[in-house]
Amino acid sequence: MLRLFDTAAGTVRPFEPRTPGKVSMYVCGPTVYGPPHLGHGRFSLVFDVLRRYLEWSGLDVTYVSNITDIDDKIIDRANTEQRPWQEITESCEAVWYRAMDAIGVKRPTHDPHATAYVEQMVALIARLIEAGAAYETSDGVYFRPLEVGDYGLLARQDIESLQVGARVDVVDEKESPIDFALWKKAKPGEPSWPSPWGDGRPGWHTECVVMSLDLLGEGFDLHGGGQDLCFPHHENERAQAVADGKVFARHWVHNGFVMVDDEKMSKSLGNFTNLLDLIDRYDARAYRLLCLQSHYRSPIDVNEKNSAQATAALERYDALARRIAGLGDGVPPDTATIERFVGHMDDDLNTPRALAVIAETVTEINRRLDIEDIAGTEPLAAAFRSMLVAVGLTVDDEVAAVGDEAATLCRQRDDARAAKEWARADEIRDQLQAMGYVVEDTPTGTKVRKG
RNA sequence: GGCGACGUGGCCGAGUGGUUAGGCAGAGGCCUGCAAAGCCUUGCACAGGGGUUCGAUUCCCCUCGUCGCCUCCA
């Protein structure tokens with residue numbers, strides 16, 4: 001059984017879905033005002049791995065991840081660029097999904113947009129006012145965290161220290177510095193929606209409360225995001241749900257931060273924090289492998305060296321995939337291997353350990369193939385493929401189609417080698433390498449692939 | 001000021017009170033016509049100082065260092 005760290009409990013505990021066999025998870029998605037960065041990439045990959053692993057385990061997963069398309073930053077950008085804000089949100093969303101597709105993140109089951117939920121948000125805010133958890137001021141509606149008994153649960157701080165530490169400017173009409181806006185009354189020129197408190201727009205955190213409960217229902221299984229979302233975002237979502245008398249998420253999962261090399265290095269790295277740049281420079285799978293190589297709750301450092309290392313590691317998987325093409329199809333995966341893998345994955349998603357099992361399996365398969373133990377290889381090959389599916393890693397087992405010219409050279413080289421004309425064979429190899437191919441001799445003749 | 005995380009061999013990164021993580025890179029060997037791929041072998045590792053213990057990298061305390069959060073950040 002899967003055990004996961006739960007931020008609210010502060011400890012690893014069993015992950016028990018509300019309905020056996022089904023999992024409902026909500027992962028806070030992007031605010032669409034700019035290109036996705038490495039942090040977006042990490043949380044997307046971490047929760048994609050979790051989702052795939054659950055599905056691989058036979059569970060039916062409903063995965064909801066929102067698109068926040070109402071936000072001050074969107075409005076700012078629209079004003080700065082003199083463009084309609086919808087144009088910004090639409091183009092950013094397109095870029096977002098392009099990046100997600102590139103790194104192999106499955107599309108969510110539902111991707112609710114904040115703009116489609118304004119009415120429900122207004123209704124929630126009205127109920128919160130009625131319940132005494134929120135109050136209207138001249139510029140909006142504010143929430144009173146002090147009304148929520150266990151406020152600070154996710155932040156792991158008590159409410160007093162939150163008040164003492166609050167760095168926000170105290171707005172005159174706010175009762176407490178920790179109160180936050182649920183509704184912002186519109187200023188001239190701002191996009192707005194009607195409400196009992198005048199035209200305006202939703203404030204903070206409300207959209208996720210409404211959308212998660214609408215699509216997943218009360219007491220949904222898991223709510224996730226980056227560690228920076230613990231507070232204030234998730235804390236405030238939870239506070240609103242609690243104040244509304246709702247049972248909210250049963251399990252809170254947060255992934256660690258992404259570090260990029262310090263300023264000294266970043267100069268040479270350029271705009272390295274942009275996810276699209278990373279994909280551009282390295283194998284698109286490399287970032288997933290990097291994320292898998294460290295535990296999801298640890299910080300990871302992304303830099304050129306790590307990315308290059310991950311890319312090199314992928315080649316080993318690809319090489320094996322080519323070697324076992326056609327082997328092990330329809331054969332049950334090796335039980336002992338899968339059990340070890342599952343044991344590590346179930347242990348709070350210990351992907352580094354799980355990856356070690358995969359690496360050991362690769363070695364074992366190669367060893368058996370070296371001695372032509374095909375029968376012994378097949379269950380391991382099946383296990384290898386299965387484990388990759390579980391973590392969402394793809395391998396390239398295609399011997400890439402090569403041009404006619406290269407194919408001809410391969411045949412000529414085979415002829416030369418058969419005739420033991422080594423100088424001629426080496427010459428042709430040099431030629432192929434100059435064309436950008438990696439040349440390998442195999443029992444079935446010269447094989448080339450793009451290096 | 002408050003809360004929290006972390007410091008492991010050339011690099012990345014798991015883990016454990018006494019026994020091999022794993023990957024990448026390096027060295028040697030096997031295989032190969034030579035390579036490539038693959039396999040085998042190989043590396044005073046656990047920030048520093050105390051303490052508990054028969055024994056600590058692993059538990060406790062302190063120090064140093066790095067980092068995150070404390071209301072609009074994934």
Side-chain angles (χ1 to χ4, degrees), chain A residues 10 27-31 36-47 68 71-73 143 145 152 154-158 160-169 177-181 184 203-205 224-233 235-236 254-259 262 275 289-290 292-295 297-301 303 305-316 319-320 322-323 344 347 350-360 362-371 417 420-423 425-426 429-430 433 438-442 446-449 451:
Chain A
V27 176
C28 283
T31 300
H37 56 68
L38 294 180
H40 294 115
R42 161 106 116 149
F43 90 72
S44 299
L45 286 165
V46 163
F47 288 101
T68 296
D71 182 85
D72 292 4
K73 288 188 288 288
F143 185 81
L154 294 173
R156 306 188 76 179
Q157 292 203 44
D158 58 57
E160 278 100 36
S161 40
L162 285 169
Q163 290 186 90
V164 170
R167 292 182 307 196
V168 282
D169 298 334
I178 63 173
D179 292 356
F180 60 91
K184 295 180 174 186
W204 303 325
H205 326 301
Q227 251 160 27
D228 54 329
L229 292 187
C230 289
F231 192 90
H233 184 60
E235 189 75 53
N236 288 345
H254 295 95
N255 64 272
F257 290 100
V258 176
M259 322 290 241
D262 57 21
L275 181 60
L289 188 62
L290 267 183
L292 290 169
Q293 276 170 347
S294 58
H295 187 82
R297 283 190 283 121
S298 305
I300 58 170
D301 195 38
N303 56 47
K305 188 166 185 172
N306 292 346
S307 305
Q309 273 189 11
T311 305
L314 283 167
E315 173 48 30
R316 182 170 150 86
L320 183 80
R322 287 193 299 273
R323 214 179 167 193
H344 294 310
D347 178 18
N350 191 336
T351 53
R353 277 283 192 178
L355 228 40
V357 173
I358 295 178
E360 284 159 10
V362 171
T363 300
E364 184 59 23
I365 291 173
N366 274 318
R367 183 174 22 221
R368 285 176 189 263
L369 286 177
D370 281 353
I371 59 169
R417 293 188 68 225
K420 295 195 192 300
E421 291 168 8
W422 308 128
D426 290 350
R429 178 166 58 201
D430 290 344
Q433 284 172 342
V438 174
V439 181
E440 290 179 15
D441 294 345
T442 74
T446 299
K447 288 264 167 62
V448 296
R449 62 188 157 81

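Residue numbers start from 1 in every chain, and the chains themselves are labelled A, B, ... in the order their sequence lines are given, proteins ahead of strands.
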Taking the inter-plane angle between the rings of His37(A) and His40(A) on a 0 to 90° scale, is it parallel (under 30°), tilted (30 to 60°) or perpendicular (over 60°)? tilted
Which word best sums up how the rings of His205(A) and Phe180(A) line up, parallel for under 30°, tilted for 30 to 60°, or perpendicular for over 60°?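 Plane angle over 60°, so perpendicular.
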Name the pairs: protein N/O against N/O of nucleotides 3-10 of chain B, kept only if under 3.5 Å.
residue, atom, partner, partner atom, Å
rC3(B), O2', Arg156(A), O, 3.2

Please work out if [X] contacts a base, only the sugar-phosphate, or nothing of the nucleic acid, heavy-atom cut-off 4.0 Å.
X	answer
Val258(A)	base
Glu235(A)	nothing
Thr442(A)	nothing
Lys420(A)	nothing
Arg42(A)	nothing
Gly256(A)	base
Asn306(A)	sugar-phosphate

Heavy atoms from C-beta onward define the side chain here; which of [options] lies closest to that of [X]?
X	options	answer
Ile178(A)	rG13(B), rA74(B), rU71(B)	rU71(B)
Asn236(A)	rU71(B), rG23(B), rA21(B)	rU71(B)
Phe231(A)	rG23(B), rC67(B), rC70(B)	rC70(B)
Pro145(A)	rU71(B), rC69(B), rG23(B)	rU71(B)
Phe43(A)	rC67(B), rC24(B), rA74(B)	rA74(B)

Roughly how many Å apart are [M] and [N], using the [atom1] atom of each and rounding to a whole number?
N	M	atom1	value
rG26(B)	rC31(B)	P	22 Å
rG18(B)	rG28(B)	P	36 Å
rU58(B)	rC72(B)	P	39 Å
rC6(B)	rA47(B)	C1'	11 Å
rU20(B)	rG43(B)	P	12 Å

Salt-bridge present (Lys447(A), Asp441(A); N to O < 4.0 Å): no
Taking atom P of rC12(B) as reference, at what distance in whole Å does atom CD of Gln293(A) sit?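 The distance from CD of Gln293(A) to P of rC12(B) comes to 12 Å, rounded to the nearest Å.
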How close or far is atom P of rG23(B) from atom NE2 of His295(A), stated in whole angstroms?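 To the nearest whole Å, that distance equals 21 Å.
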Mind checking what makes salt bridge (charged side-chain N to carboxylate O under 4.0 Å, His left out) contact with Arg353(A), not counting sequence neighbours? none
Short N/O separations, protein against nucleotides 27-34 of chain B, under 3.5 angstrom:
residue, atom, partner, partner atom, Å
rG33(B), O6, Arg413(A), NH2, 3.3
rG33(B), O6, Arg417(A), NE, 3.4
rG33(B), N1, Asp426(A), OD1, 2.8
rG33(B), N2, Asp426(A), OD1, 3.3
rG33(B), N2, Asp426(A), OD2, 2.6
rC34(B), O2, Arg429(A), NH2, 2.4
rC34(B), N3, Arg429(A), NH1, 3.0
rC34(B), N3, Arg429(A), NH2, 3.3
rC34(B), N4, Asp441(A), OD2, 2.7

Phosphate OP1/OP2 of [N] contacted by [X] side-chain N/O (<4.0 Å):
X	N	value
Ser298(A)	rA14(B)	yes
Arg323(A)	rG38(B)	no
His205(A)	rU71(B)	no

Using 0.5 Å steps for rounding, measure from the CD1 atom of Ile358(A) to the CG atom of Leu289(A). 9.0 Å
Kindly write out the residues that satisfy side chain to side chain donor-acceptor pair (under 3.5 Å) with His254(A), not counting sequence neighbours, or none if the list is empty.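 Partners of His254(A) under the side chain to side chain donor-acceptor pair (under 3.5 Å) test: Thr7(A), His234(A).
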Of all the base pairs, Watson-Crick or G-U under 3.5 Å, which form stems of three or more consecutive pairs involving RNA chain B?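 In RNA chain B, stems of three or more pairs: B:1-7 with B:64-70, B:10-12 with B:22-24, B:26-30 with B:38-42, B:47-51 with B:59-63.
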Under the side-chain contact (heavy atoms from CB on, under 4.5 Å) test, which residues partner Val46(A), sequence neighbours left out?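 Residues passing side-chain contact (heavy atoms from CB on, under 4.5 Å) with Val46(A): Arg42(A), Asn255(A), Tyr296(A).
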